[in-house]
Amino acid sequence: MARLSANTVRIGIPVLAIFLGAAPARSQSPSLAWKPDGSDPSVGRFEARGLPEGSPPLAQPGRFLTVGVEAGPGLLGTWGSEGNTAWFRPRFPLAPGVRHTVRLGGGLSIELVHSLPVPETPATVVVSSHPSSREIPENILRFYLVFSAPMRTGEAYKRVTLVRDDGHIAELPFLELDEELWDPTGTRLTLLIDPGRIKRGVKPLVDIGPVFESGRRYTLKVDAAWPDANGKPLSKAHQREYQVVPPVRRRIDPGDWVPSPPMSAAQPVEIRFPRPLDKALAERLIRVSDDENRPLAGKAEMLAGETVLRFTPRAPWQPGRYHLAAELALEDPAGNRQDRLFDSPEDEEPGPAKTRCGPSFRVGSR
Amino acid sequence: MLRDWLRNMMFAGALAGAVSMAGALRAGPLTDSLKSGEVKLQSTGPITFGPEGVLFVGDPKAAAVYAIGTGDAAASKAAPVNIENLGGKLAALLGTKEADVQVNDIAVNPESNKVYLSVSRGKGPGAIPVILSVGTGGELKEVALASVPHAKAELSKPVAEGAKRMEAITGLKVVKDKLFVAGLSNEEFASTLRKIALPFDGKTASAGIQIYHGAHGKYETAAPVRTFTTVEINGKEEILAAYTCTPLVRIPVSELQDGAKVKGKTVAELGNRNRPLDILVYSKEGKPFALMANSARGVMKVGLDNIESVDAISARVADTAGLKYETLKQHVGVEHLAKLGDAHAVMLVRGTAGVSLKTIELP
């Protein structure tokens, strides 16, 4: 069997084809090729060109034009023929790095191997990890890892470890879900500590103990071998060391927040919290409104170990009074909210209000 | 000779019966409510069947559940399905490497006893969602979604462009004319169980129900339901939910009203260092049982016959308490379970050679 090899570049080696049917109507030799529909090289069809009229692959392309990958034959797709060309259109775009073997039978014994190269991308890194504070409470619930590019799913719980200062690796520390908690871009991962190891009195905490012990140091480690969505490992491992302090079991009180009003129309406002808040939730759920209770559009960013929120309004400040408010869903890194503690049954009865008010501040002269 | 002839006649008769049944597709209010068109899945997570051959597909990326009329509503006898090297076969079909195939869930259509698979091609935000059915001979076939009767229920308002909040869908189950959806957000720790009326009425699902359960004198606040199923106790439907700290909790469906805070009753503690993965209920020799796949202990068979009388667990127990269970150690690596007919279960099993589908007789 003659074998054509192609990697995006087709090699135009003449093929010795033996056709046991009628004599070819044209002098053109049968050949196989991948033909993209447009600029996307992964979408298109495999073509068997220059086929003699009446040849079996033209009459029955589904039988005589077959495509398989390393995992086996039988790639899903549709077949057809027109003129002297029989074709196979894969159901899905070609996956980069997968070798497609195309075979033409029916007396025309030709083979083409085609694979899309894996795109050249810069190595992915861990951009940040949160909390970014030096200290975390023993009852911490949530960590975030932010990557520079989309990551491969199904790896998180084996690639992230929590190591105590004596080298002990925490046993099953995370709430493991079939579907890991990624953001839509696949670049931010949420890791929840198993709530059973946090909530007072529940069995895993009583029997195994908490994941973190106050007074000890722990390191959150991200394995460099974790592949990104293109299959390339991280450029380097990531780690962040934490000193664990006693558990936080206090509700969030926006009344404790201290805004530093902007000194000019272009400056952001900075809101200082007495203790760290959850980065994602604070950036999404803390609102700055004008005196007529209209929320301002702008960019919110947590700083200083998640103890300061910097809010930059899209439009410059107008002189006047502004108000801070937070939706009830706001949490601190231990999952405590304004209306309840993470592990307390003593919830407030839910009221109609979805937000609570914080302090106000003034921009410009009175 | 005569015996052979009789046998052939009987076979032909059985075949004719099967064909005539296949012709009688059962339509009903659910299928009547579906509109034909393309289902553009953004992702695929848990799947489950309702009546009339309607498949419910959880699409976490779209924050939605689709009801899809498969047209596969012809009654057919349950036949065991066993596929070795399922991962490799899916990879060949979908044109990728075995390591890049993820089977997210399995479901059996109770009308046709056909097995369906929820699969992702790729492992990243660009993964392609695919639904496949398994033929009686083990052949895998894509469920075409280009033009199919369907309806969509949104779980939350579509998130703004660039937003990072998403919700994982951890379970789906139909109870009569309601679909229950368990989910967990990647931001706030709000584990919600949503109740969606069937047929879908086009509205966004309710705000969700918070479930508490007693454990050791404490009430768990908003613990995430890891997997759940439904069971009928004394003629009343109840949810049987497994939590990450592995208690089994029963919650009467009638109490699950929108926005309610419901106290579930802990009926079993199944020990530590273990995560529940999937659960089904069945009846054998007149007695009800639950079969639960776990991360660490093989499959657990839990007797439910005294679920009504067992005391709610509210005090600390040595290791396990409440309903009695046995561990079926021969079934290791089971990630998903689905009931096949009355007497069998299909399991997605992960072994050293990848994933496979295996049918067992219900123990």
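Order of the sequence lines fixes the chain letters, A, B, ..., with proteins taken first and strands second; residue numbering starts at 1 for each chain.
Counting heavy atoms from C-beta on, the side chains of E179(A) and P60(B) come closer than 4.5 Å. Taking 4.5 Å as the limit, some side-chain heavy atom of D100(B) sits within range of a side-chain heavy atom of R152(A). Contact annotation: the side chain of N186(B) approaches that of R188(A) to within less than 4.5 Å [non-hydrogen atoms, C-beta and beyond]. Residues T96(B) and F92(A) have side chains not in contact (no heavy-atom distance under 4.5 Å, counting atoms from C-beta outward). Using a 4.5 Å cut-off on side-chain heavy atoms (C-beta onward), Y243(B) and P195(A) make no contact.
Both the backbone and the side chain of L93(B) have a heavy atom closer than 4.5 Å to some heavy atom of chain A.
Note on R275(B) versus D178(A): no salt bridge recorded, every NZ/NE/NH1/NH2 to OD/OE distance being 4.0 Å or above. The pair R284(A)-E187(B) meets the salt-bridge criterion, with a side-chain N (NZ, NE, NH1 or NH2) lying under 4.0 Å from an Asp/Glu carboxylate O.
Atom CG of L184(B) and atom CG of L192(A) lie 6.0 Å apart (nearest 0.5 Å). Between T185(A) atom OG1 and M166(B) atom CE the span is 9.5 Å, to the nearest 0.5 Å. Distance check, rounded to the nearest 0.5 Å: CG of L181(A) to CD of E167(B) gives 10.0 Å.
Ranked by heavy-atom pairs shorter than 4.5 Å toward chain A, the options K97(B), Q42(B), E335(B), Q102(B) are led by K97(B).
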Item to complete: Dump the intermediate steps for side-chain contact (heavy atoms from CB on, under 4.5 Å) on R226(B) and L177(A), then the final yes or no.
Response: CA-CA 8 Å; R226(B) 188 62 180 72; L177(A) 299 164; 4.1 Å; yes

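Contact detail for A71(A) and G88(B): the closest heavy-atom pair is CB-O, 3.6 Å.
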